[in-house]
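Heads up: the structure comes next, in structure tokens.
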Amino acid sequence: MADNSTASAAETITVTVRDRSAEAPWGVGLTNPVTRKVVISAFCPVDGQRRGEPRGLNSCDDGAHYWVQVWANPCGHTDMYEAVIAEAAALAAQGGRPVSGTAAELARLEGGPGNTPN
Ligand SMILES: [Zn+2]
């Protein structure tokens, strides 16, 4: 029996991205990159074509090293991390696999204790 929509529509990928919203504002303390693993659709939100294959990328920002994943979509649309994080939150809210915590919780976990300036 043909089921041509639900299987592919529910297909997701897990990627590690940088969450700047969980980091200290510019000019406040040292750069402390916050990364998080999120679940998003395997397909481009604009045209529904399959996203590119994620690959790991070691990055360095102001001497702080971190590892994220990047991917190039064959359709040409660029996924910004902010949009990816928003998509993951929406996916979790509608019953997809939940993200592993709030941005603040993850910042605390990954940044260690004493990470809250105020
Ligand atoms: Zn696209």
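Order of listing sets the numbers, starting from 1, for every ligand and every atom in it.
Taking CZ from R50 and SG from C75, the interatomic distance works out to 12.0 Å, rounded to the nearest 0.5 Å. Separation of atoms CE (M80) and CD (E87) is listed at 14.0 Å; rounding is to 0.5 Å. Here the straight-line distance linking atom OG1 of T16 with atom OH of Y81 works out to 9.0 Å at 0.5 Å rounding. The distance from atom CZ of R51 to atom OG1 of T12, rounded to the nearest 0.5 Å, is 11.0 Å. Atom-to-atom distance recorded for Q49:CD and H77:NE2 is 8.5 Å, nearest 0.5 angstrom.
W67 and I40 end up in different hydrophobic clusters when Ile, Leu, Val, Met, Phe, Trp and Tyr side chains are linked at under 4.5 Å.
Screening the protein for N, O or S atoms under 2.8 Å from the Zn ion (ligand 1) yields 5; no waters enter the count.
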